[in-house]
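Here is the structure we will look at, set down as structure tokens.
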Amino acid sequence: MENPSGPVRLVLSRLQGVRQAGPSQWTARCPSHEDERSSLSIGVGDDGKCLVHCHANCEVAEIVEAIGLNVSDLMPAQNGSPPRDKKRRITDVYDYHDPQGKVVFQAVRYDPKGFAQRRKGSDGKWIWNLRGVQARIPYHLPRLLEHADAAVFIVEGEKDVASLERLGLVATCNAGGSGKWFPEHAEYLRNRRCVIVPDNDDAGRAHAQKVASTLHGLAASVKIVELPGLVNKQDITDWIFQGHGQEELLALAEHATMGAARNRRPA
């Protein structure tokens, strides 16, 4: 196999199933979706840029985020500067547990802002994808199960879960942020009272609607609470920082319109 350099080498080092497909061309399994067909093509542009294309139509930003990089990391270093990813640092690590409390995978937050997921291989080393693990589990699942009678607040990120837990509430989210909630997450909230609190932007509201649609007919109740007083892109953590608290949030949830029908009890 040709020995690549620069950003191509960096990208290939974080992919699974890499194979040479031609001069300065490779294929690999796309880290942004459950890929069994090596849908990802990787190549070298005229300027040394790493070119990535998923034949299942995953966005470039989603692909590089899934392996812990930024789109800027696809560009070659300038004037002998170090690779861009070397400037990034991990600021937070969030454990996702199975119902028995075992860590299944971690969500990693970077500065400059970026996210990735990782799991441990049999050799104890980190693998920067979630292939082969049950990745569609809600955050802090053991706490959800422990407080089975409490209302569950569903937010967009792990830091927002922490903000609500400091208020004494039960909260969760999915790994990967907006748009990455699936019916498998909703199954863990069967017969629960659910309150969805979106970020104050179009993506946040769309995410809230997606979450609600998976809970329809499954949860005991579903409400969407849009917080007053937020500017564009602010979230529940910003709202709490402004001085709002548990009682005010519970009052908003109490008076919010139902977002889904009462659940159908399983036979």
Side-chain angles (χ1 to χ4, degrees), residues 13-18 28-40 54 56 58 62-69 88-111 113-148 150 152-166 169-192 194 196-197 207 210-211 214-215 218-219:
S13 71
R14 301 197 178 196
L15 296 173
Q16 299 291 312
V18 175
R29 292 195 292 271
C30 178
S32 188
H33 74 280
E34 296 179 5
D35 186 9
E36 301 298 331
R37 299 185 178 183
S38 293
S39 303
L40 189 66
C54 176
C58 293
E62 295 176 341
I63 296 167
V64 296
E65 181 178 307
I67 55 174
L69 299 176
R88 307 178 75 198
R89 64 184 182 88
I90 293 175
T91 58
D92 292 288
V93 175
Y94 307 104
D95 291 336
Y96 277 73
H97 302 84
D98 67 14
Q100 289 72 45
K102 178 182 177 181
V103 176
V104 179
F105 67 92
Q106 293 180 332
V108 178
R109 184 185 182 99
Y110 291 96
D111 178 34
K113 187 177 180 181
F115 300 91
Q117 289 84 46
R118 67 185 185 183
R119 59 186 170 91
K120 277 197 173 179
S122 58
D123 59 359
K125 295 181 179 179
W126 290 113
I127 300 173
W128 292 89
N129 66 57
L130 301 185
R131 191 169 294 109
V133 304
Q134 172 51 277
R136 294 177 180 178
I137 52 178
Y139 186 49
H140 281 185
L141 177 57
R143 178 175 167 82
L144 297 183
L145 299 177
E146 181 183 356
H147 299 276
V152 179
F153 287 80
I154 305 170
V155 289
E156 200 167 307
E158 293 89 357
K159 71 177 179 63
D160 300 323
V161 171
S163 296
L164 287 169
E165 288 180 345
R166 285 192 289 269
L169 300 171
V170 176
T172 192
C173 68
N174 58 276
S178 176
K180 299 297 179 64
W181 178 278
F182 296 96
E184 292 89 337
H185 294 103
E187 280 294 333
Y188 291 99
L189 301 178
R190 183 178 290 273
N191 300 330
R192 299 292 293 267
C194 298
I196 306 166
V197 187
H207 179 70
K210 181 177 182 179
V211 174
T214 66
L215 293 168
L218 187 72

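Sequence positions, counted from 1, serve as the residue numbers for this chain.
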Query raised in the report: Any idea which heavy atoms bring Ser32 and Glu62 closest together, and the distance?
Result: OG-CB, 3.4 Å
**Report entry** Close side-chain approach of Thr91 to Arg109, heavy-atom, < 4.5 Å
**Finding:** yes
Report summary line: Asp95 meets the side chain to side chain donor-acceptor pair (under 3.5 Å) criterion, sequence neighbours left out, with Gln106
Report task. Answer yes or no: is there an ion pair linking Glu165 with Arg143, defined by an N-O contact shorter than 4.0 Å? Result -> yes
Query raised in the report: Does the side chain of Trp126 come within less than 4.5 Å of Lys120's, by heavy atoms?
Result: yes
Report summary line: Which of Leu141, Val133, Val103, Ile137 passes side chain to side chain contact (heavy atoms under 4.5 Å, CB included) with Tyr96? It is Ile137
**Report entry** Residue pair Pro31 / Ile63: nearest heavy atoms and the distance that separates them
**Finding:** CG-O, 3.7 Å
Report summary line: Looking only at heavy atoms, the pair that brings Arg29 and Asp35 closest together is CD-O, 3.1 Å
Query raised in the report: Between atom CD of Glu34 and atom CG of Leu130, what is the distance when rounded to the nearest 0.5 Å?
Result: 9.5 Å
Query raised in the report: If you count the non-hydrogen atoms of other residues, nucleotides and ligands that lie under 6.0 Å from CZ in Arg131, is the total more than 12?
Result: yes
Report summary line: The side chain to side chain donor-acceptor pair (under 3.5 Å) partners of Tyr139 (sequence neighbours excluded) come to none
Query - Check: Arg118 and Val108 side chains under 4.5 Å, non-hydrogen atoms - result: yes
Query raised in the report: Passes side-chain contact (heavy atoms from CB on, under 4.5 Å), Leu215 versus Ile154? Steps please.
Result: CA-CA 11 Å; Leu215 293 168; Ile154 305 170; 3.8 Å; yes
Anything under 3.5 Å between a donor and an acceptor, one on a side chain of residues 176-183, the other on a protein residue two or more places apart or in another chain? List them.
unit_1 : atom_1 : unit_2 : atom_2 : d
Ser178 : OG     : Ala203 : O      : 3.2
Trp181 : NE1    : Thr214 : OG1    : 2.8

Report summary line: Applying salt bridge (Lys or Arg N to Asp or Glu O under 4.0 Å) to Glu184 and not counting sequence neighbours gives Arg136
Query raised in the report: What is the minimum heavy-atom distance between Tyr110 and Ala116, and which atoms define it?
Result: CE1-CB, 4.0 Å
Query - Main-chain N/O of Leu144 paired with Arg192 side-chain donor or acceptor, under 3.5 Å - result: yes
**Report entry** Leu189 side chain reached by Leu218 side chain, heavy atoms, under 4.5 Å
**Finding:** no
Query raised in the report: Listed by chain and number, what are the salt bridge (Lys or Arg N to Asp or Glu O under 4.0 Å) partners of Arg119, not counting sequence neighbours?
Result: none
Report task. Please identify each residue that fulfils ring pair (Phe, Tyr, Trp, His ring centres under 6.0 Å) with Phe153, with sequence neighbours left out. Result -> none
Report task. Indicate yes or no: at least one non-hydrogen side-chain atom of Ile127 is less than 4.5 angstrom from one of Gln16. Result -> yes
Requested in this report: Applying side-chain contact (heavy atoms from CB on, under 4.5 Å), run through Leu69 and Arg14 and close with a yes or a no.
Outcome: CA-CA 10 Å; Leu69 299 176; Arg14 301 197 178 196; 3.7 Å; yes
Query raised in the report: Out of curiosity, Asp98 CG to Leu145 CG, how far, rounded to the nearest 0.5 Å?
Result: 10.0 Å
